[in-house]
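Quantities reported herein were computed from a predicted structural model and do not represent experimental measurements. Atoms within each ligand, like the ligands themselves, are counted from 1 in listed order.
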Amino acid sequence: MTLPARVQIVEVGPRDGLQNEMAVTPVAVRTQLIELLARAGLNRIEVGSFVSEKAVPQMAGTAEVLASIRVPKGVNLSALVPNMQGFAAATAAGVGDIALFAAASESFSRKNLGCGVDESFNRFARVAAAAKDAGLAMRGYVSCALGCPYEGKVDHTRVVETAQRLLALGCYEISLADTIGVGTPVAARELIQRVAQVISVERIAVHFHDTYGQALANIFACLEHGVSVVDSSVAGLGGCPFAPGAAGNVATEDVVYMLNGCDVETGVDLGKLLDATRFICASLDRPPESKVARARLAGESLPSQRCATNSE
Ligand code: HMG
Ligand code: MG
């Protein structure tokens, strides 16, 4: 098994990370974080969501974030869009790509999107048609790809079907999400092998939450099977407000360190990435979840007490 020569990292901290903080992170902090991440070489950054402020108050202000960010050309700034109301707001805000987020579990879809899977796809179909007219590219997520907080084990067939439906709507990439971080490397590998039977592996991304500490091992297993796009979150922030107990995403620092050590190119400068870690941890007054950040920033006066998050 060989590893890819290059891996694209999709930085989801400003969205998946900050959506799960107890407090609403001010727009100015979100903006500065994104600018620091871009300066570190991250050129795909999920900046927020156009969802109901009542459902996820932490993502209110995503339009203001987009309006104030200054990043070099070539940095793609994307956001989650669940329906036409979100699409209208996202396009008015000048978003780069949009991301549709479906689930392989009916119960999770109802909790997360307020509707079942079929109804979510009715909404996505309208968004996809409008996105096509507007020339906006779409990414797709499949939540609960390795397990659901409400239904437990999720059949691979459901994951494959959901991924295919997103692809049929025009998504250029499908991110398979272990929403609650229950996967292990063999399960992750088997899922990739199964999905890659119907979707070209170049179009598969992986999105691991690190609840059980398996994320890096899972990523490695997926890279060995041809995956070359990995979602991660600075400082390991994150979780989903609708997945109780789920921890943050795998930390970007840890992914970059592992890939540097494996001679896999990412284009990310670890030193500059740690500037973003320092900044966001000081702003949130919490230590990084990233082991690499803890090792590299040891001796600096980082916040020491861990703040409670929504999912705890
Ligand atoms: P709904 O209740 O079915 O929608 O919510 P509705 O059309 O009945 O509208 C209800 C209210 O929401 C109305 O406001 C609408 O205006 C408003 P009210 O009249 O009550 O004042 N509304 C909106 N407001 C702003 N933007 C919109 C929008 N749509 C309706 N786009 C909805 C449906 C999807 C909106 C809601 O359930 C929602 O916002 N859910 C939040 C979903 C979310 O952000 N989840 C977390 C991100 S997903 C995730 O973390 C997983 C991922 O990381 C992968 C993984 O790890 O698994 C991607
Ligand atoms: Mg997530």
Novice: Which bit of Ser52 gets closer than 4.0 Å to ligand 1, counting heavy atoms only: side chain, backbone, both or neither?
Specialist: both
Novice: Where on Glu46 is there a heavy atom closer than 4.0 Å to ligand 1, on the side chain, on the backbone, on both, or on neither?
Specialist: neither
Novice: Please work out which of Ala88, Ser233, Ala90, Pro82 has its closest non-hydrogen atom nearest to atom 34 (C) of ligand 1.
Specialist: Pro82
Novice: Any nitrogen or oxygen of Ala177, side chain or backbone, less than 3.5 Å from one on ligand 1?
Specialist: no
Novice: Side chain or backbone, does Ser49 bring an N or O within less than 3.5 Å of an N or O on ligand 1?
Specialist: no
Novice: Give a yes or no on this: more than 12 heavy atoms of other residues, nucleotides or ligands lie within 6.0 Å of atom OH of Tyr212.
Specialist: no
Novice: Counting heavy atoms only, name the option from Val142, Asp231, Leu113 that's nearest to atom 32 (C) of ligand 1.
Specialist: Leu113
Novice: In degrees, rounded to 10 degrees, what angle do Asp16 atom OD2 and His207 atom NE2 make at the Mg ion (ligand 2)?
Specialist: 90°
Novice: Does a salt bridge link Glu106 with Arg110, judged by any charged N lying under 4.0 Å from a carboxylate O?
Specialist: yes
Novice: Is Tyr141 close to ligand 1, meaning an N/O of one under 3.5 Å from an N/O of the other?
Specialist: no
Novice: Is Arg158 paired with Asp155 through a side-chain N to carboxylate O contact shorter than 4.0 Å?
Specialist: no
Novice: Quick one: OG1 on Thr2 to NE2 on His225, what's the gap to the nearest 0.5 Å?
Specialist: 10.0 Å
Novice: Give the ring-plane orientation class for His207 versus Tyr141, where under 30° counts as parallel, over 60° as perpendicular and anything between as tilted.
Specialist: perpendicular
Novice: Consider every N or O of Glu53 and every N or O of ligand 1, then say whether any pair is closer than 3.5 Å.
Specialist: no
Novice: Does the shortest distance from the Mg ion (ligand 2) to an N/O/S atom of Asp231 fall below 2.8 Å?
Specialist: no
Novice: Does the pair Arg139/Glu173 count as a salt bridge with the N-to-O cut at 4.0 Å?
Specialist: yes
Novice: How far is atom 25 (C) of ligand 1 from the closest protein heavy atom, and which atom is that?
Specialist: Val51 O, 3.1 Å
Novice: When you compare ligand 1 with Gln85, is there at least one nitrogen or oxygen pair between them that comes in under 3.5 angstrom?
Specialist: yes
Novice: Run the salt-bridge test on Glu64 and Arg30 with the 4.0 Å N-O cut-off and return the result as yes or no.
Specialist: no
Novice: Salt-bridged, Arg70 to Glu35, with N to O below 4.0 Å?
Specialist: no
Novice: Which part of Leu80 is near ligand 1, with near meaning a heavy atom under 4.0 Å away: side chain, backbone, both or neither?
Specialist: side chain
Novice: Ligand 1 and Ala55, any nitrogen or oxygen pair closer than 3.5 angstrom?
Specialist: no
Novice: Working note: Ser290 + Arg296, criterion side chain to side chain donor-acceptor pair (under 3.5 Å); need CA distance, chi angles, decisive distance, verdict.
Specialist: CA-CA 10 Å; Ser290 159; Arg296 287 290 172 90; over 6 Å; no
